[in-house]
Amino acid sequence: MRTTNTAETDKTSIQVIERMVSLLDALATYPDPVSLKELSSVTGLHPSTAHRILNDLVIKRFVDRSEPGTYRLGMRLLELGNIVKSRLDVREAALDLMRQLHRKTNQTVNLSVRQNDEIIYIDRAFSERSGMQVVRAVGGRAPLHLTSTGKLFLSIDEPRMVQAYAARTGLAGHNKNSITDLSKLQGELSQVRAHGYARDNEELELGVRCMAAGIHDDSGRLIAGLSISAPADRLQEEWLADLMDTAKQISAALGYTETA
């Protein structure tokens with residue numbers, strides 16, 4: 001009996017997903033907001049069923065309710081699409097250059113992007129000879145204020161947005177070196193804006209220091225950070241020029257043109 005109930009539940013879940021996708025596909029064919037009646041007609045869904053699913057999609061911002069009874073695709077789809085696009089494009093453009101930088105420094109090179117209040121590591125070039133255990137694997141996450149790449153993203157936020165981030169996260173620390181004070185973080189971000197790169201001085205992991213430079217797309221938007229991670233006593237300042245030059249090359253491959 002339990003197996004039968006599980007199968008029925010799975011079937012129901014799949015049906016809901018199929019109906020949700022059919023509504024999104026239908027909305028994609030219309031340039032203007034569409035009525036519930038029209039959506040019900042083109043998808044073959046009963047109006048009450050379509051209405052219930054659309055309400056759930058509105059709550060999750062996948063669909064917007066323009067006026068009572070009319071719908072259009074929501075901004076959440078655009079946000080997710082941009083995330084996917086940036087990750088795919090950046091990884092393709094960055095991988096060979098990351099490997100070159102790794103061979104030159106013999107240290108771990110990370111590619112990370114921002115998602116809400118964290119960075120996500122989306123690629124990495126490293127070897128066992130670097131002498132440092134890789135703490136966070138590809139797909140791992142870390143708080144913005146504790147990482148060099150995260151500071152790059154926070155540095156372009158408006159002051160009120162940084163304050164809101166601090167309020168949401170409490171600026172929780174991982175160790176004695178972590179920045180947990182808003183005024184100190186703001187001072188750090190001022191340095192990032194002034195110099196064009198960011199550092200993590202054992203703030204995320206004791207014994208590990210990082211430096212990061214930004215990667216921009218063809219519109220000039222900061223979409224990723226390229227960082228070098230090394231044992232704290234081995235990080236060399238001369239790597240900074242190579243890091244920034246590599247980030248510029250990746251940005252150029254994405255169509256970014258630096259203006260004076």
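Below, each value reflects all heavy atoms present in this structure, side chains not excepted, and no hydrogens, waters or symmetry copies.
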Test side-chain contact (heavy atoms from CB on, under 4.5 Å) applied to His102 and Thr108, step by step: CA-CA 6 Å; His102 165 65; Thr108 301; 6.0 Å; no

Co-membership, hydrophobic cluster, residues [X] and [Y], 4.5 Å side-chain:
| X | Y | answer |
| --- | --- | --- |
| Val63 | Ile17 | yes |
| Leu95 | Val109 | no |
| Ile156 | Val192 | yes |
| Phe62 | Val42 | yes |
| Met161 | Ile179 | no |

Would you compute the distance between atom [atom1] of [X] and atom [atom2] of [Y] and round it to the nearest 0.5 angstrom?
| X | Y | atom1 | atom2 | answer |
| --- | --- | --- | --- | --- |
| Gln236 | Asp233 | CD | CG | 10.5 Å |
| Leu27 | Leu77 | CG | CG | 9.5 Å |
| Asp89 | Asp218 | CG | CG | 9.0 Å |
| Glu18 | Met20 | CD | CE | 10.5 Å |
| Arg234 | Ser229 | CZ | OG | 13.5 Å |
| Thr70 | Leu39 | OG1 | CG | 9.5 Å |

Heavy-atom pair with the smallest gap, counting every atom of [X] and [Y]:
| X | Y | result |
| --- | --- | --- |
| Asp64 | Val58 | C-CG2, 4.5 Å |
| Ala166 | Leu182 | CB-CD1, 3.9 Å |
| Leu152 | Gly225 | CD1-CA, 4.3 Å |
| Gly214 | Leu222 | CA-CD1, 3.6 Å |
| Ala94 | Leu111 | CB-CD2, 3.9 Å |
| Ala26 | Thr43 | CB-CG2, 3.9 Å |

Between [X] (side chain) and [Y] (backbone), is there a donor-acceptor pair under 3.5 Å?
| X | Y | answer |
| --- | --- | --- |
| Tyr256 | Gln249 | no |
| Thr246 | Asp242 | yes |
| His145 | Ala172 | yes |
| Arg193 | Ser155 | yes |
| Ser251 | His216 | yes |
| Ser40 | Leu45 | yes |
| Thr105 | Gln107 | yes |
| His195 | Tyr197 | no |

Regarding [X] and [Y], is there a side-chain donor-to-acceptor distance under 3.5 Å anywhere?
| X | Y | result |
| --- | --- | --- |
| Gln115 | Arg141 | yes |
| Ser183 | Asp181 | yes |
| Gln100 | Asp96 | no |

So that I can tick it off, tell me whether [Y] and [X] are bridged by a salt bridge, with the cut-off set at under 4.0 angstrom between side-chain N and carboxylate O.
| X | Y | answer |
| --- | --- | --- |
| Arg114 | Asp157 | yes |
| Glu237 | Arg199 | yes |
| Glu202 | Lys176 | no |
| Asp117 | Arg168 | yes |
| Lys151 | Glu203 | yes |

Does any non-hydrogen side-chain atom of [Y] lie less than 4.5 Å from one of [X]?
| X | Y | result |
| --- | --- | --- |
| Leu226 | Leu101 | yes |
| Leu24 | Leu57 | yes |
| Tyr71 | Val34 | no |
| Arg91 | Ile122 | yes |
| Leu254 | Ile223 | yes |
| Leu185 | Leu171 | yes |
| Met244 | Leu240 | yes |
| Ser35 | Tyr30 | no |

Identified side chain to side chain donor-acceptor pair (under 3.5 Å) counterpart of Arg209 within the set Asn177, Asp200, Asn201: Asn201

Pair Met98-Asn110, side-chain contact (heavy atoms from CB on, under 4.5 Å): steps then yes or no: CA-CA 8 Å; Met98 288 173 63; Asn110 312 286; 5.9 Å; no

side-chain contact (heavy atoms from CB on, under 4.5 Å) assessment of Arg76 paired with Leu80: CA-CA 6 Å; Arg76 183 60 179 154; Leu80 293 175; 3.6 Å; yes

